[in-house]
4 protein chains.
Amino acid sequence: MPESSSTPTPPPPGASATAADSAAPPGGRRGRPRSERADRAILAATREALGELGWEGLSLAHVATRAGVARTTLYRRWNSKHELAVDAVAALFDDLELPDLGSLRADLEEVVGRFARLLARPEAQAALYALFAEGARDAALRARIREAVVTPTKTLVRKGRAAAQSRGELPPDTDAASAEADIDLIYDTIAGTVEHRVLVTGEPPDPAWAHRFTTLLLQGLGAAGA
Amino acid sequence: MPESSSTPTPPPPGASATAADSAAPPGGRRGRPRSERADRAILAATREALGELGWEGLSLAHVATRAGVARTTLYRRWNSKHELAVDAVAALFDDLELPDLGSLRADLEEVVGRFARLLARPEAQAALYALFAEGARDAALRARIREAVVTPTKTLVRKGRAAAQSRGELPPDTDAASAEADIDLIYDTIAGTVEHRVLVTGEPPDPAWAHRFTTLLLQGLGAAGA
Amino acid sequence: MPESSSTPTPPPPGASATAADSAAPPGGRRGRPRSERADRAILAATREALGELGWEGLSLAHVATRAGVARTTLYRRWNSKHELAVDAVAALFDDLELPDLGSLRADLEEVVGRFARLLARPEAQAALYALFAEGARDAALRARIREAVVTPTKTLVRKGRAAAQSRGELPPDTDAASAEADIDLIYDTIAGTVEHRVLVTGEPPDPAWAHRFTTLLLQGLGAAGA
Amino acid sequence: MPESSSTPTPPPPGASATAADSAAPPGGRRGRPRSERADRAILAATREALGELGWEGLSLAHVATRAGVARTTLYRRWNSKHELAVDAVAALFDDLELPDLGSLRADLEEVVGRFARLLARPEAQAALYALFAEGARDAALRARIREAVVTPTKTLVRKGRAAAQSRGELPPDTDAASAEADIDLIYDTIAGTVEHRVLVTGEPPDPAWAHRFTTLLLQGLGAAGA
DNA sequence: GATTAAACGAGACGGTACGTCGAGTCTTTCG
DNA sequence: CGAAAGACTCGACGTACCGTCTCGTTTAATC
């Protein structure tokens, strides 16, 4: 979770691991510090509960019990069930890294596979679409989702596209605005299609499907060896 | 909603409007028949409430009050908030028809536009992703979604693709299995990408974006004039 | 149920065995006549349900099902759950007859025993006090209770006292008003005490207790051989 | 309510006001303490609602609203409408004290009068018989009634009888078992008869009736001056 | 080492929605 | 036209969570 900003009153846990942290509590906080163990236990408990009970079955009371923590502690740190879920699920996206296997096709198939496996996890299935749905009405939540999920994922697209361009597999940018639109389009296409395949159509994106989809994508982008 | 089947005990309203209906009442139903006015009022109230309050704000008590109907009447006809929402939202998808503007590109851009406008409606935004999320855990709900939303939509893809093939814009089928996989892929790509653009990225798919996406798709499918 | 009067609109079943009945449907009733089988089945079902489920567990739906009768039929014949219960329980009081064993003490002990056994039946326990409680607020119900339960029971006291007077066991009346007050007092004392013993104290009025109580009563009334 | 015991999990309010209380809180209670204001408001609201609406009209929702308390608070403290009613009505019985007017007859007439006036209160009429009826099926409720209503009332009989014996108005005990049976008989007779007079016969026990009944009782018990 | 401020566990509180049940009423078709 | 069937309105039920609040109890950092 990079350069997080977040609400001020109840400082969310993810926000503490920034540069300001090493510079240390400047004025010097008094009183008992928050337990980091509790944070970890809560987020883990949230993921487990999401996986077992689904979004609607997720209750803060249950999370608190499972994490061995008082209910109050949850409310002190997160403003809502939604923000807690974002933080809990965000960690799953850390596994998504750029493979760099030498060719755009290989990288693409690998990324699609990784994303599909991520979406196959029940805690991700339970949380993602529910958060997206609520995000449509709640700007603060939308920002938090963007920060925790969208931006890091889109960065992958940005990097992978640049690498392919430097290898001559994709045509170079014409102008900055067009490049940005291109990145957004690619991102929406990959993420949206895989999500839809997994969560709506309900079939796993096996390698054969990944191959087929990658072909469509490469041809669509005018890739060199397509 | 074609030849729907559905649970017998609480006969869902959408299930009755089939061919079997006119031929049906064999012995003649006993007891007071269900009010069709109520059905319409409930579904309309559900759509309005979804638009105003979002998914989590939607309560059956509120829907009942707004529809001028007793709360028990809702429970008699639908097994859950989810199934009610499916029926309420399904009607929105009736507007999605194949344009047939003469060229694959024109048809595609038109369909993308229509689907985007559909997703821009707050009731659709509120319900769709929430239903998909729950559908991941509930097979019965998933089936109902498939029947009411997925199948009709996919039919559009099937017909449009066939039309393009007959016009020579798309290569003919090699074998049946491959054709089916092709249709699924196209469907997931179009639906998933547009949904992701609207609900996650949060930007409207304006004509410029639609043109760009259509280009990607046509090239990806190896269309004739791409 | 003697010379019943009762509500006019839904003619209660007990009311049918009157003079008007033998005189027969004068104008000639139209349509299907009411089933007497249904009446008996309903009252029996009511008693059974009262015994098994208690007063608060008694539901008209359950009675109807058990009696093999439509719920509508119940509402057509009785105005409320309370009146149905009165009729159902009233039949139990038919067993209470004057023993006439030759002495006041023997008669008293016998009556106390019979009344105690009546109150030991679960259907009587369930219904009686609940009806009395509701009767405190509902004059119509109170009248019906009086007619079906109180008056016949009090008649026993009246007759038994007269018999004892004629045998010289009790002093003769001084005036009519005083006699009436005497009867009321005896009735309240016997009925109230036995009921309280069974339902509140919760112990069965065995013969030893009946003997003790009878002694108190005989002495209290200034009986000859007490 | 003397040295009450009561269920532990939902500690009923009346149970706390004992001598053990001041010495008690041993380990120190954790969590927010229960509001005593709420207790008082709830019991008062229950009595008022009973008086106005009767037993069947008494709903916990209404009591909660009238007491200015959340509905959940009621369920947290009492297991059922019945137990709440017992606690609400029990307070009325605190007024029943032994008069000690110097003679058994005077004491008896006074007690009968007080008891009659208590039963004339609509909240008592509404609750008492309904509770007795339910108590016939529910042992826990029966115990609670015994503790809150029966035992304190019977204590009056015990004391009054002892006082009369010490004054020589009643014969002394022969043995303990017989004395106990005597007390039970007197209690059932007084309470049962007055209740029946008020609630079933429906006429108020005025002084004339009280005198007549007292005479019966004194003669029945073999009192000295009868 | 004493003070002190904040985090913490526990649990009561006012709310809101849930899904179920029963009471009565109304509207059909069948006998 | 009565009876069976069943949908209808209404309102209470008891439960579950929510988010807030009040307690008494740690637990470190500061004094």
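Numbers restart at 1 for each chain; the letters A, B, ... are given by sequence-line order, proteins then strands. No hydrogens, no waters, no symmetry mates; every other heavy atom, side chains included, goes into these values.
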#### Entry: Check against side chain to side chain contact (heavy atoms under 4.5 Å, CB included), B:Leu58 and B:Lys81
CA-CA 9 Å; B:Leu58 178 70; B:Lys81 174 174 164 175; 4.1 Å; yes

### Closest to the C:Ser59 side chain, choosing from E:dG22, E:dA7, E:dC18
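Ranking E:dG22, E:dA7, E:dC18 by closest atom to the C:Ser59 side chain puts E:dG22 first.
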
### Query
Side-chain N or O of A:Arg37 less than 4.0 angstrom from OP1 or OP2 on E:dC8?
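So the side-chain polar atoms of A:Arg37 never come under 4.0 Å of the phosphate oxygens OP1 or OP2 of E:dC8.
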
### Message
Give me the atom names and distance for the closest heavy-atom approach of D:Val86 to D:Arg144.
### Response
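That closest heavy-atom pairing would be CG1-O, 3.9 Å.
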
### Task
Measure the distance from NZ on B:Lys81 to P on E:dT16 and round it to the nearest whole Å.
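Atom-to-atom, B:Lys81 to E:dT16, this comes out as 16 Å.
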
### Task
Select base, sugar-phosphate, or nothing to describe what C:Leu58 touches, counting heavy atoms under 4.0 Å on all strands.
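If one applies the 4.0 Å heavy-atom cut-off, C:Leu58 turns out to touch the sugar-phosphate alone, with no base involved.
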
### 5′-ward residue of the pair D:Ser80/C:Ala70 relative to DNA chain F
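The residue whose closest nucleotide sits nearer the 5' end is C:Ala70.
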
### Message
Given the structure, check if the side chain of B:Arg71 and the base of E:dG19 hold any donor-acceptor pair shorter than 3.5 Å.
### Response
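Counting by modelled atom types and ignoring angles, a donor-acceptor contact under 3.5 Å is found here.
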
### Query
So what does B:Gly57 touch, heavy atoms closer than 4.0 Å: a base, only the sugar-phosphate, or nothing?
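No contact.
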
### Between F:dC17 (P) and A:Tyr75 (OH): distance, integer Å
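Spelled out: OH on A:Tyr75 to P on F:dC17 is 11 Å.
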
### Message
Rounding to an integer number of Å, can you tell me how far B:Leu53 CG sits from E:dT16 P?
### Response
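Atom CG in B:Leu53 sits about 14 Å away from atom P in E:dT16.
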
### Query
Nearest-Å distance, CG (B:Asp39) to P (F:dA7)?
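These atoms are roughly 12 Å apart.
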
### Task
Classify the side chain of B:Arg30 versus the base of E:dT28 as yes if they form a donor-acceptor pair under 3.5 Å and no if they do not.
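In this structure, the two groups form no donor-acceptor pair.
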
### Message
If you assign each of C:Thr73 and A:Arg32 to its closest nucleotide in DNA chain F, which residue comes earlier from the 5' end?
### Response
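Closest to the 5' end, via its nearest nucleotide, is C:Thr73.
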
### Task
Take atom CH2 of D:Trp78 and atom P of F:dC13, then tell me their distance rounded to the nearest Å.
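It is 15 Å, rounded to the nearest whole Å.
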
### Query
Atom CZ of A:Arg76 to atom P of E:dG9: distance rounded to whole Å?
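Going from A:Arg76 (CZ) to E:dG9 (P), I get 8 Å.
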
### Task
Could you label the plane-to-plane angle of the D:Tyr129 and C:Tyr129 rings as parallel, tilted or perpendicular, counting under 30° as parallel and over 60° as perpendicular?
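Correct class here is parallel.
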
### Ionic contact status for D:Arg47 with D:Glu123, cut-off 4.0 Å
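A salt bridge is absent here (no side-chain N lies under 4.0 Å from a carboxylate O).
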
#### Entry: Integer-rounded Å distance: E:dA7 P and A:Leu74 CG
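In whole Å, E:dA7 P and A:Leu74 CG are 15 Å from each other.
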
### Task
Count the heavy atoms of every other residue, nucleotide or ligand shown that sit under 6.0 Å from CD of D:Glu52, and state whether that count exceeds 12.
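Yes, the 6.0 Å shell around CD holds more than 12 heavy atoms from other groups.
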
### Query
Given atom CG of B:Asn79 and atom C1' of E:dC18, what is their separation to the nearest angstrom?
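It is 15 Å, rounded to the nearest whole Å.
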
### Query
Where each residue is assigned the nucleotide of DNA chain E containing its nearest heavy atom, which of D:Glu36 and C:Leu60 is assigned the position nearer the 5′ end?
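Residue closer to the 5' terminus by nearest nucleotide: D:Glu36.
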
### Task
Give D:Thr72 one of three labels, base, sugar-phosphate or nothing, depending on what nucleic acid heavy atoms sit under 4.0 Å from its own.
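Base contact - D:Thr72 has a heavy atom under 4.0 Å of at least one base atom.
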
### Task
Assign each of D:Gly68 and B:Ala61 to its nearest nucleotide of DNA chain E by heavy atoms, then name whichever residue's nucleotide is nearer the 5' end.
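In this pair, the answer is D:Gly68.
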
